[in-house]
Number of protein chains: 2
Amino acid sequence: MRISTRFSDSIHILAFIEVYKDIKLSSDVIANSVNTSAVVIRRLMGVLRAAGLIDTKQGSAEPKLAKDPSEITLLDIYFATEGNKPIFELDKNTNPDCIVGGNIQEVLGTYYEDAKIAAKRKLNETTLEDLIETILVKQKYKNSKN
Amino acid sequence: MRISTRFSDSIHILAFIEVYKDIKLSSDVIANSVNTSAVVIRRLMGVLRAAGLIDTKQGSAEPKLAKDPSEITLLDIYFATEGNKPIFELDKNTNPDCIVGGNIQEVLGTYYEDAKIAAKRKLNETTLEDLIETILVKQKYKNSKN
DNA sequence: ATCTACTGTAATTAATCAAGTTACATCAAA
DNA sequence: TTTGATGTAACTTGATTAATTACAGTAGAT
């Protein structure tokens, strides 16, 4: 498949909404920052709205975060966009009549689950606020070099 | 994309080789356990050989683990099959002239890296030996119920 | 009231990727 | 030398996702 950038782009949208919360934000303006089409942005925003992360109103270009950025973690955004998708895929079609084939996927599932939880714990340690602060510091550094 | 089961199938192959190390193992026999074609198995075995996890000899059906199963971790197998593939995809095409678009992917990259390492540390905790023992215990449990 | 600009969403297209398949050269061993 | 393997390249098929097209519904200014 084409690799999915939904998670990254969704984080981008939320950060953008927060950073530019004082100006009018049409899906077109956001799309210009993410470098995609306005429809793709609106589609992702629909997902974020369904997950309770933003509030939008049809017809008006005023998306708002539904929570304080310190209350939104990368994991919240991950769940919103990817749900419970595994990060390591099992092969559910192995031969059940073989000792290995009949047991391995179930066993692997528990190991994968442990690894997935470890990754998600890390995602849960970072808030949207942390991310935005880091972005702004990085930008200051860029400016100081010119 | 279709989700890739290379990692899971490669683990399967290695476990199968170890469990049935005393009998002749053609790619056809292994394919029957993984429930795929012999060519797919040989392709994966080529990758595992290149990574130094197995030894094979063209023409003879005698694949062997190149290391003791207690010396092969799930992470070794992950690296062999997936290399340094990210588990969370960045969008490398965001607008560089925007404060958010110009900095976010680089910042996200570090957070993703932390999460990826956390997951890999977990994968590195489990050896092929552990996996096989768990499979065999699970099989014993199944048998006892009949 | 009615433009204009915008959101929400469905349907289609195009690109990408992995497994499956076909084909065949090469090697091992009886 | 025949049979049964491996190794690998080339092509096909299926699945997935962003991009695109189209359009109905809403908000707000004039």
Side-chain angles (χ1 to χ4, degrees), chain A residues 1-10 12-13 16-17 20 23-51 54-64 81-83 85-95, chain B residues 1-10 12-13 16-17 20 23-51 54-64 78 80-83 85-95:
Chain A
M1 80 189 142
R2 179 191 300 195
I3 55 173
S4 173
T5 55
R6 265 180 314 190
F7 178 38
S8 291
D9 289 342
S10 295
H12 189 152
I13 292 170
F16 196 87
I17 290 174
Y20 296 104
I23 63 177
K24 205 176 147 191
L25 289 186
S26 68
S27 56
D28 227 30
V29 169
I30 302 174
N32 180 261
S33 175
V34 180
N35 209 3
T36 182
S37 77
V39 175
V40 170
I41 296 299
R42 293 203 291 270
R43 201 151 47 195
L44 287 174
M45 285 175 73
V47 170
L48 297 174
R49 175 170 13 90
I54 60 173
D55 294 317
T56 64
K57 199 162 48 165
Q58 184 171 2
S60 82
E62 303 168 75
K64 301 291 175 201
T81 56
E82 305 293 336
K85 197 188 83 166
I87 60 178
F88 306 112
E89 296 294 339
L90 295 172
D91 183 343
K92 324 224 184 213
N93 193 30
T94 57
N95 187 343
Chain B
M1 82 185 135
R2 179 191 302 195
I3 56 174
S4 173
T5 54
R6 264 180 314 190
F7 177 39
S8 292
D9 290 341
S10 295
H12 189 151
I13 291 170
F16 197 87
I17 290 173
Y20 294 104
I23 63 176
K24 204 176 148 192
L25 289 186
S26 68
S27 55
D28 227 31
V29 169
I30 301 174
N32 181 262
S33 176
V34 180
N35 209 3
T36 183
S37 76
V39 175
V40 170
I41 296 298
R42 293 202 292 269
R43 202 149 52 191
L44 287 173
M45 286 177 73
V47 170
L48 297 174
R49 174 168 16 88
I54 59 173
D55 294 317
T56 64
K57 200 162 47 165
Q58 184 169 2
S60 82
E62 303 169 74
K64 300 290 175 203
Y78 183 82
T81 56
E82 304 294 337
K85 197 188 83 166
I87 60 178
F88 305 112
E89 296 292 339
L90 294 172
D91 183 343
K92 323 225 185 218
N93 194 30
T94 57
N95 187 344

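Below, chain A is the first sequence line, B the second, and so on; all start at residue 1. These numbers come from the heavy atoms of this one structure, side chains and all, not from hydrogens, waters or symmetry mates.
The side chain of B:Arg42 places no N or O atom within less than 4.0 Å of a non-bridging phosphate oxygen (OP1 or OP2) of D:dA5. Here A:Thr56 does not reach the OP1 or OP2 of C:dT7: none of its side-chain N or O atoms lies under 4.0 Å away. The side chain of B:Ser4 places an N or O atom within less than 4.0 Å of a non-bridging phosphate oxygen (OP1 or OP2) of C:dA19. Contact annotation: B:Arg6 side-chain N/O to C:dA18 OP1/OP2 distance is under 4.0 Å. Taking 4.0 angstrom as the limit, B:Ser60 places none of its side-chain polar atoms (N or O) nearer than this to OP1 or OP2 of D:dG4. OP1 or OP2 of C:dG20 sits under 4.0 Å from a side-chain N or O of B:Thr36. Close to D:dT17, at under 4.0 Å from its OP1 or OP2, lies no side-chain N or O of A:Arg43. Using a 4.0 Å cut-off, no side-chain N or O of B:Ser37 falls inside it from OP1 or OP2 of C:dT21.
Rounding to whole angstrom units, CG of residue B:Asp9 and P of C:dA18 are separated by 13 Å. The separation between A:Lys92 atom NZ and C:dA19 atom P is 15 Å, rounded to whole Å. Look at CD1 on B:Ile41: it is 15 Å from C1' on D:dA5, rounded to the nearest Å. As a whole-Å value, the separation of A:Lys64 NZ from D:dA27 P is 16 Å. Nucleotide C:dC6 holds its C1' atom 13 Å from the CZ atom of A:Arg49, rounded to whole Å.
Nucleotides of DNA chain D nearest to B:Asp28 and A:Glu62 differ in position, and the one nearer the 5' end is that of B:Asp28.
Between the side chain of A:Gln58 and the base of C:dG8, no donor-acceptor pair under 3.5 Å is found.
Of the possible polar contacts, one joining the B:Asn35 side chain to the A:Asn93 backbone as a donor-acceptor pair under 3.5 Å is found. Between the A:Ser26 side chain and the A:Ala61 main chain, no donor and acceptor come within less than 3.5 Å of each other.
Paired with A:Ile30 under the rule side-chain contact (heavy atoms from CB on, under 4.5 Å), one option of A:Val40, A:Leu44, A:Ile41, A:Asp9 passes, and it is A:Ile41.
To the nearest 0.5 Å, atoms CZ (A:Arg43) and OG1 (A:Thr36) are separated by 8.5 Å.
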